[in-house]
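The figures that follow rest on heavy atoms only: side chains count, while hydrogens, waters and symmetry mates do not.
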Amino acid sequence: ALEIAGLNAERNGCRIDFVSADLFDGIAGPFDLIMTNPPYIGSAEIEGLSPEVRDHEPRLALDGGADGLDLIRKIINEAPGRLVPGGLLLMEIGESQEEAVISLAKERGAYDGIEVLKDLNGRPRTLRCLRR
């Protein structure tokens, strides 16, 4: 995935430093931007997904724990320590998680401009917040 991302960045004239890590382990930052698509589907919901998703995506890429928020909580809590002041956190979320992720970001107390952006179908899709 990093190799393909690197080729795409090069083709588009972007300078991006890609890092392979287990979330924030082994990387210090600070970063201007953290953009992530963590697993956000509740464990019990995975069997109900379409076969195109359920049968072809690694379970690790889908399973976000009982409520789908396990890694989302970790990212919201740890990202401020890796972002510069004013740095941007963008994170894909499940459409039913809007209220929960906004609440988690507000409770963390390290972000301003907390909002959830809608996808092209008008569904909640991306948490956006700025580090104070």
Side-chain angles (χ1 to χ4, degrees):
L2 288 178
E3 181 179 337
I4 292 169
L7 290 171
N8 286 336
E10 185 177 314
R11 284 185 195 128
N12 290 289
C14 299
R15 189 192 81 67
I16 302 172
D17 296 323
F18 293 97
V19 178
S20 176
D22 183 2
L23 284 183
F24 298 114
D25 292 343
I27 58 171
F31 300 101
D32 297 315
L33 168 68
I34 295 174
M35 184 171 26
T36 180
N37 180 9
Y40 55 77
I41 299 169
S43 301
E45 298 172 47
I46 292 176
E47 289 307 312
L49 295 174
S50 68
E52 295 82 13
V53 174
R54 180 190 65 231
D55 298 340
H56 297 286
E57 292 290 333
R59 188 167 182 106
L60 181 66
L62 301 172
D63 194 338
D67 62 0
L69 297 171
D70 286 359
L71 287 175
I72 289 173
R73 280 186 194 90
K74 185 173 174 111
I75 293 166
I76 287 171
N77 285 327
E78 295 184 21
R82 306 304 196 293
L83 284 166
V84 299
L88 179 62
L89 172 62
L90 293 171
M91 180 171 18
E92 185 170 343
I93 63 167
E95 65 182 88
S96 66
Q97 297 170 329
E98 180 175 17
E99 289 180 28
V101 298
I102 288 174
S103 178
L104 289 167
K106 286 180 178 178
E107 288 172 14
R108 177 60 174 87
Y111 300 106
D112 289 319
I114 300 166
E115 64 179 324
V116 170
L117 307 173
K118 310 286 189 221
D119 65 15
L120 295 175
N121 292 314
R123 296 182 180 114
R125 186 57 61 202
T126 304
L127 173 68
R128 179 188 183 278
C129 40
L130 300 169
R131 181 184 174 256
R132 287 190 179 144

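- A 4.5 Å side-chain heavy-atom check between Lys118 and Arg123 finds every atom pair outside the cut-off.
- Val53 and Ile46 fall within the same hydrophobic cluster, where Ile, Leu, Val, Met, Phe, Trp and Tyr residues are linked whenever their side-chain heavy atoms come under 4.5 Å apart, directly or through other members.
- In this structure, Leu62 CG and His56 NE2 are separated by 12.0 Å, a value rounded to the nearest 0.5 Å.
- Interatomic distance, CD1 of Ile16 versus CG of Asn8, reported as 9.0 Å (0.5 Å rounding).
- The minimum heavy-atom distance between Ser43 and Arg59, with the atom names listed, is O-NH2, 3.6 Å.
- Residues Pro39 and Leu60 fail the side-chain proximity criterion, which asks for heavy atoms closer than 4.5 Å.
- A donor-acceptor pair shorter than 3.5 Å can be found between the side chains of Tyr40 and Glu92.
- Considering every non-hydrogen atom in both Pro124 and Glu98, the closest pair reads CG-OE1, 3.3 Å.
- Counting heavy atoms from C-beta on, the side chains of Leu90 and Ile34 never come closer than 4.5 Å.
- More than 12 non-hydrogen atoms from other residues, nucleotides or ligands lie less than 6.0 angstrom from CG of Leu2.
- Side-chain atoms of Arg132 come within 3.5 Å of backbone atoms of Gly109 as a donor-acceptor pair (strictly under, hydrogens ignored).
- Considering Ile114, Leu69, Thr126 in turn, Leu69 is the only one that fulfils the side chain to side chain contact (heavy atoms under 4.5 Å, CB included) rule with Val101.
- A 4.5 Å side-chain heavy-atom check between Glu115 and Cys129 finds every atom pair outside the cut-off.
- Atoms CG and OG1, from Leu71 and Thr36 in turn, are 8.0 Å apart once rounded to the nearest 0.5 Å.
- Note that OH of Tyr111 is 13.5 Å distant from CD1 of Ile102, once rounded to the nearest 0.5 Å.
- With Asp22 contributing its side chain and Asp25 its backbone, the two residues share no donor-acceptor pair below 3.5 Å.
- Proximity of a side-chain donor or acceptor of Arg125 to a complementary backbone N or O of Ile93 within less than 3.5 Å is detected.
- A distance-only check finds no donor-acceptor pair linking the side chain of Asn12 to the backbone of Cys14 [under 3.5 Å].
- Residue Asp119 places its CG atom among more than 12 non-hydrogen atoms of other residues, nucleotides or ligands, all under 6.0 Å distant.
- Across all their heavy atoms, Phe18 and Ala9 have their closest contact at CE1-CB, 4.0 Å.
- Two residues are said to be in side-chain contact when any heavy atoms from C-beta on lie closer than 4.5 Å; Val116 and Arg128 fail this criterion.
- In terms of modelled atom types and a separation under 3.5 Å, the side chain of Arg131 and the main chain of Leu88 share no donor-acceptor contact.
- Ser103 pairs with exactly one of Lys106, Glu107, Glu99 by the side-chain hydrogen bond (donor to acceptor under 3.5 Å, both in side chains) rule, that one being Glu107.
- Taken to the nearest 0.5 Å, the CD1 atom of Ile41 stands 8.5 Å off from the CG atom of Asp63.
- When every heavy atom of Pro30 is checked against every heavy atom of Leu83, the shortest pair comes out as CB-C, 4.2 Å.
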For Asn77 and Arg108: C-alpha separation, side-chain torsions, deciding distance, then whether side chain to side chain contact (heavy atoms under 4.5 Å, CB included) applies. CA-CA 6 Å; Asn77 285 327; Arg108 177 60 174 87; 3.4 Å; yes
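- The hydrophobic clustering, which links ILVMFWY residues whose side-chain heavy atoms are closer than 4.5 Å, places Ile76 and Leu130 apart.
- With hydrophobic clusters built from ILVMFWY side chains whose heavy atoms lie under 4.5 angstrom apart, Leu89 does not share a cluster with Leu117.
- At most 12 non-hydrogen atoms from other residues, nucleotides or ligands lie less than 6.0 angstrom from CD of Glu10.
- Shortest non-hydrogen contact noted between Arg82 and Ile27 is NE-O, 3.0 Å.
- In this structure, CD on Gln97 lies 10.5 Å from CG on Leu127, to the nearest 0.5 angstrom.
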